[in-house]
Participant: 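What follows is a single structure, and I will ask about it in a moment.
What's counted below: heavy atoms across the whole structure, side chains too, no hydrogens, waters or symmetry copies.
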Number of protein chains: 2
Amino acid sequence: MVAHRLDEIDRKILAELQADGRMTNVELAKRVGISAPPCLRRVRALEEQGLIRGYHAEVNARELGFEVQVFAMVGLESQAEVELNAFEERCRNWPLVRECHMLNGEVDFMLKCVAPDLSSFQSFLTGQLLSTPNVASVKTSLVIRGAKDEPGVPFDVLEARLSRLA
Amino acid sequence: MVAHRLDEIDRKILAELQADGRMTNVELAKRVGISAPPCLRRVRALEEQGLIRGYHAEVNARELGFEVQVFAMVGLESQAEVELNAFEERCRNWPLVRECHMLNGEVDFMLKCVAPDLSSFQSFLTGQLLSTPNVASVKTSLVIRGAKDEPGVPFDVLEARLSRLA
DNA sequence: GCGGCTGCGCAATATTATTTCCCGGTTGGG
DNA sequence: CCCAACCGGGAAATAATATTGCGCAGCCGC
């Protein structure tokens, strides 16, 4: 946690770029209250420290033909580290799997998947996921509709927390 | 689904911007094989059609002090539309809840939450989520580690699918 | 008080975005 | 078959932006 090395301006920068990753540097500088050159230097520093991992366009999956979104909860036979790594590596190579998180509890992995339609997903499910060695159980849940989808971090919570420490 | 109106260049543009949302227009044009002006026109059109919803910096939540990530599966007492909307609206107002998806099956909602630490999350869980009217059950799973996290869409799958239709 | 360090802002330069204009290919009617 | 309108693409000019270099002020540690 290097957040303590960040001042309020840095956090504002992160919040602004999280909200609009294509913001101009001069616009960003204006919003955080400094001039353009030091602002750009701060952004570069944040990138090099790994606090900014990258920038991405948010695409409309549904309009692009991915109408199905599914959460899959996967249990493995063996939870040996080698087996966990092997399963994670498989997930990284499956394009339909967009996220893979290891969990505590009875379920070992939570997968977020997308697919053009139900039959595509089902053929992935039976042909790939369920036929993977060491996979003991898969429970899937279809996403009916999305109500909120804002990956990232709530900077207002961060501000409140840091000001309490000050 | 307007994907049919897109040609291969448009899809390449989307894929490139999904991978790097801050790519220069000239760089983008070079990669997709056209010159800068028409490339910019295409990007603008994609934005206006809503196929590009926005651009976001991907921040390192853990380094920023959000060390806890939790999936929460929520069941409601009543699934009447009014109640569903009410719950969704609450989720939108909870900063710790970053995603909220309505599911089929026994569980009504899947929430992805972040928090600075376990006790913050637990106080949110007991003080907010569990004490919300109409919430019948909440099962939570802590994320131990992340293996893959690439929101968005696998454009290679899209390409394969469209070429099959052609 | 005095270097040394750090971060800001200003000004100049290089790069990029954006607009304008023009050209070639394609399509549909005559 | 030809012509005209149309839809993109490219080239050049212009505006905006990013980037660099430099000097200045504030802040320690001595």
Participant: Assess whether a salt bridge exists between B/R42 and B/D7, defined as any Lys/Arg side-chain N lying under 4.0 Å from an Asp/Glu carboxylate O.
Facilitator: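 So B/R42 pairs with B/D7 through a salt bridge.
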
Participant: Could you list the residues that satisfy ring-ring contact (aromatic ring centres under 6.0 Å, His included) with B/F71, not counting sequence neighbours?
Facilitator: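 Scan of B/F71 (ring-ring contact (aromatic ring centres under 6.0 Å, His included), adjacent residues dropped) gives A/H101.
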
Participant: Just verifying a value: how many Å separate B/C91 SG and B/E99 CD, rounded to the nearest 0.5 Å?
Facilitator: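 The CD atom of B/E99 is 11.5 Å from SG of B/C91, to the nearest 0.5 Å.
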
Participant: When rounded to the nearest 0.5 angstrom, what distance separates CZ in B/R41 from SG in B/C39?
Facilitator: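 That separation rounds to 10.5 Å.
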
Participant: Which letters describe nucleotides 6-11 of chain D, given B = protein heavy atom under 4.0 Å from base, S = only from sugar-phosphate, - = neither?
Facilitator: ---BBB

Participant: Going by the rule side chain to side chain contact (heavy atoms under 4.5 Å, CB included), which residues pair with A/P95 if we only count those two or more places apart in sequence or in a different chain?
Facilitator: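 Result, side chain to side chain contact (heavy atoms under 4.5 Å, CB included) vs A/P95: B/P154, B/D156, B/V157.
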
Participant: Under 4.0 Å between a side-chain N or O of A/R44 and OP1 or OP2 of D/dA18?
Facilitator: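 No, A/R44 has no side-chain N/O under 4.0 Å of OP1/OP2 on D/dA18.
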
Participant: Answer yes or no: are there more than 12 heavy-atom neighbours, outside A/E81 itself, under 6.0 Å from its atom CD?
Facilitator: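 Above 12, so yes.
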
Participant: With a 6.0 Å cut-off on the ring centroids, do B/Y55 and A/Y55 count as close?
Facilitator: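 That pair fails the under 6.0 Å test.
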
Participant: At what distance, to the nearest 0.5 angstrom, does CG of B/D117 lie from CD of B/Q122?
Facilitator: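 Going from CG on B/D117 over to CD on B/Q122, the span is 9.5 Å.
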
Participant: When you compare the protein's N or O atoms with those of nucleotides 23-25 of chain C, which come within less than 3.5 Å of each other, and at what distance?
Facilitator:
none

Participant: So how far off straight is the helix from C/dG1-D/dC30 to C/dG30-D/dC1, going by the axes through five pairs at either end, to 10°?
Facilitator: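 If I round to tens, the end axes sit 30° apart.
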
Participant: Do NZ/NE/NH1/NH2 and the carboxylate oxygens of A/R11 and A/E8 come within less than 4.0 Å?
Facilitator: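 Result for this pair is no, no salt bridge flagged.
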
Participant: Check DNA chain D against residues 16-30 of chain A and give the residues with a non-hydrogen atom under 4.0 Å, in numerical order.
Facilitator: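 Residues of residues 16-30 of chain A that come under 4.0 Å of DNA chain D are, in numerical order, A/T24, A/N25, A/V26.
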
Participant: Going through the checks in order, is the salt bridge (Lys or Arg N to Asp or Glu O under 4.0 Å) test met by A/E88 and B/K148?
Facilitator: CA-CA 8 Å; A/E88 291 178 337; B/K148 182 176 187 177; over 6 Å; no

Participant: A/L40 CG to D/dA16 C1': how many Å, rounded?
Facilitator: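 Value for this atom pair: 15 Å.
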
Participant: Quickly work out the A/L46 CG to C/dG7 P distance and round it to whole Å.
Facilitator: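 Rounding to the nearest Å, CG of A/L46 and P of C/dG7 are 12 Å apart.
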
Participant: OG of A/S78 to CG of A/N134: how many Å apart, nearest 0.5 Å?
Facilitator: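 It is 5.0 Å, given to the nearest 0.5 Å.
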
Participant: Any ion pair linking A/E67 and A/R62 (charged N to carboxylate O, less than 4.0 Å)?
Facilitator: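 Result for this pair is no, no salt bridge flagged.
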
Participant: Should A/E27 and A/R22 count as an ion pair when the cut-off is N to O under 4.0 Å?
Facilitator: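 Judged by the 4.0 Å cut-off on N to carboxylate O distance, A/E27 and A/R22 do not form a salt bridge.
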
